[in-house]
Undergrad: 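Sharing a structure below in structure tokens format, with a few things to ask.
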Amino acid sequence: MTPAVASAFAALKHAAAAERDTHLRDMFAADAQRFPRLSAAWNDWLLDYSKQRIGAHAMERLCGLWQAADVPGWIARMREGSAINHSEGRAALHIALRHPPGKGPILCAGHDVMPAVHGELAKMQDFAAQIHGRHWRGATGEPITDVVNIGIGGSDLGPRMATQALAAFRHPELKVHYVANLDGADLATVLAGLQPRTTLFIIASKTFTTQETMQNAASARHWLVQALGEAAVSRHFVAVSTNLAEVARFGIDPENAFSFWDWVGGRYSVWSAIGLPLVLAVGFDHFRRFLAGAHAMDEHFFSAPAAENLPGLLALLEIWNTNFLGADNRALLPYSQSLALLPRYLQQLEMESNGKQVDRQGLPLDCTTAPVLWGEAGTNGQHAFYQLIHQGGRLVPCEFIACKHADFALPGHHEKLLANCFAQAEALMRGRTLAETAAELVAAGMSADEVARLAPYRSFPGNQPSTTLLLPRLDPFSLGALLALYEHKVFVQSIVWNINPFDQWGVEYGKKLASRLLPIIEGKAPADRLDSSTAGLIDACKR
Ligand code: F6P
């Protein structure tokens, strides 16, 4: 870390030591103003972080990291298109993808990227109008009823998650499916319910070389060609990629290719043509609102001071939990079925970005970075893993997300959902002491012996930190803002930790080894120089 951050960290260590032993319930008892003091608002959003294990004084110091790490300087470098992804020599300009027309240029290597961005969006809009208007016809003249997006990682998770999140806004007739896994079970089960005549495939891959996507694309092509012949490919396949030469080699008409640019990282690409299946699922007007929400969050992030900056606060609080309280994980708990895939999406965004071992100078890091992110939609998680969070003895910072209004307003559901969300946060904070438990059991009529025997099992330590993010409702605008919030949160953390969040070299090695093992599994190469475990596994498969 930089010397300025190192000295801020040293001061924060003292603050953490002073506060470490104070229970959250005592922090609330000592300060009636804790909630207004430790919460922030943006438009009609509320971020309540008063249940984090931090006092107002330490919070002030924590916000000092913003200047110490020069977050404003890095924001400026991002906005001016500098190569902040230095290990790949690229800018990281996903903010340009939601920059509205008429708001000025965004430069990358001295060149305004906005005309190309808006040109590609217009092409997506036009394509969606053809599909929705039933003007785009398959090889037999029938309209498209089903779209299958084939992609993986950033070319899958964003549009897949957003399509589910915006289920309330879906096009009434067109069905959008997603296939990612190399396991044939993924593609085969999706294709089993579809007709080649009315199916359109989107092959989405930034590089157009990813093994999983290319294999699934080849199998999908075979399925289509067997039924309709080679000439049908141009009416049933479109592609999204930065590598248009490979798209053409695969046999997809360049007219049917949507492009994006190397300054868009895979996990930051849902705003680009990678969002095409989302456009088809919910319509271009909703996609435009999605972009507008992200842009509104960009503006907030660029201008708000640390203490009011929602992405900044989330970033700094996790740094507090990770680097000063020793947390190694965070549970993401959206009380929204529509956001059920958000934990998976954020796993890539956060862990692929900030799971790093060396700093921007290539030196080993002197602090821990991204915690393990996991989670599940509430209330389902309550009946699965919450037991461990309540009584498992581990530090598990929790992040609750709830909406004031339901996206599917069935009577009687939403109030109960909110009650559960807030009750869990309260229980995790407060806990229940042995004495409180004993008093309750006595009041319920238990004997003194029974109370003494059962009270330990029924007591809860509490003091489990949590944040609650309350949105007005889940709609395209708020979803766009929510995803941009997390992108910027990741960026702020990378700045403090002095790492590059935009590369992912760690994923490469496993891919290389898989290519080396494939010919051995296929029996085309000898199994020399393998460790005994890998050799044993391959041998067992062959037998
Ligand atoms: O998992 C590694 C990765 O490179 C991701 O960063 C990316 O989103 C994914 O693979 C898919 O890559 P592509 O879009 O090039 O197929």
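We count ligands from 1, going down the list as the structure has it; atoms in each ligand are counted the same way.
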Undergrad: Please confirm whether Glu212 approaches ligand 1 to less than 4.0 Å, judged on its heavy atoms.
TA: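 Contact check Glu212 vs ligand 1: negative.
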Undergrad: Is the ring pair Tyr335/Phe400 parallel, tilted or perpendicular, if the boundaries are 30 and 60 degrees?
TA: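 If you compare the ring of Tyr335 with that of Phe400, the planes turn out tilted.
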Undergrad: Measure the acute angle between the ring planes of Phe502 and Phe491, then classify it against the limits of 30° and 60° as parallel, tilted or perpendicular.
TA: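 It falls in the tilted class, 30° to 60°.
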Undergrad: May I ask you to identify the nearest protein heavy atom to atom 9 (C) of ligand 1, giving residue, atom name and distance to one decimal place in Å?
TA: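 Looking only at protein heavy atoms, the one closest to atom 9 (C) of ligand 1 is Ile152 O, 3.8 Å.
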Undergrad: Please determine if Arg98 forms a cation-pi arrangement with Trp271, meaning its NZ or CZ atom is less than 6.0 Å from the six-membered ring centre and no more than 45° off the ring axis.
TA: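 Yes; both conditions hold, so Arg98 lies above the ring face of Trp271.
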Undergrad: Does ligand 1 come near enough to Thr213 that some N or O of the ligand is less than 3.5 Å from an N or O of the residue?
TA: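 For ligand 1, there is no N or O atom that lies under 3.5 Å from one belonging to Thr213.
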Undergrad: Closest non-hydrogen protein atom to atom 10 (O) of ligand 1, residue and atom name please, with distance?
TA: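 Residue, atom and distance for the closest contact: Lys511 NZ, 4.2 Å.
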Undergrad: Have a look at ligand 1 and work out which part of Thr207, if any, has a heavy atom under 4.0 Å from it: side chain, backbone, both or neither.
TA: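 It is both backbone and side chain that touch ligand 1.
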Undergrad: Short list, please: which atoms of ligand 1 are under 4.0 Å from a heavy atom of Thr210?
TA: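 Answer, ordered by atom number: 12 (O), 13 (P), 15 (O), 16 (O).
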Undergrad: With a cut-off of under 6.0 Å to the ring centre and 45° to the axis, is Lys206 in cation-pi contact with Phe260?
TA: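 No, Lys206 does not lie over the aromatic ring of Phe260.
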Undergrad: Of all the non-hydrogen atoms in the protein, which one sits nearest to atom 8 (O) of ligand 1, and at what distance?
TA: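 Heavy-atom neighbour on the protein nearest atom 8 (O) of ligand 1: Gly154 N, 2.7 Å.
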Undergrad: So which heavy atom in the protein is nearest atom 2 (C) of ligand 1, and how far is it from that ligand atom?
TA: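 Residue, atom and distance for the closest contact: Val507 CG1, 3.5 Å.
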Undergrad: Less than 6.0 angstrom from the centroid, inside 45 degrees of the normal: does Arg330 satisfy that with respect to the ring of Trp374?
TA: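 No, a cation-pi geometry is absent between Arg330 and Trp374.
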Undergrad: For atom 5 (C) of ligand 1, which protein heavy atom lies nearest, and how many Å away is it?
TA: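 Looking at atom 5 (C) of ligand 1, the protein heavy atom closest to it is Glu352 OE2, 3.3 Å.
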Undergrad: Check the angle between the aromatic planes of Phe290 and Phe287 and answer parallel, tilted or perpendicular using the 30° and 60° thresholds.
TA: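 Answer is tilted, since the angle falls between 30° and 60°.
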Undergrad: Return the orientation label for the Trp223 and Phe201 ring planes: parallel under 30°, perpendicular over 60°, tilted otherwise.
TA: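 The arrangement is perpendicular - the two ring planes meet at more than 60°.
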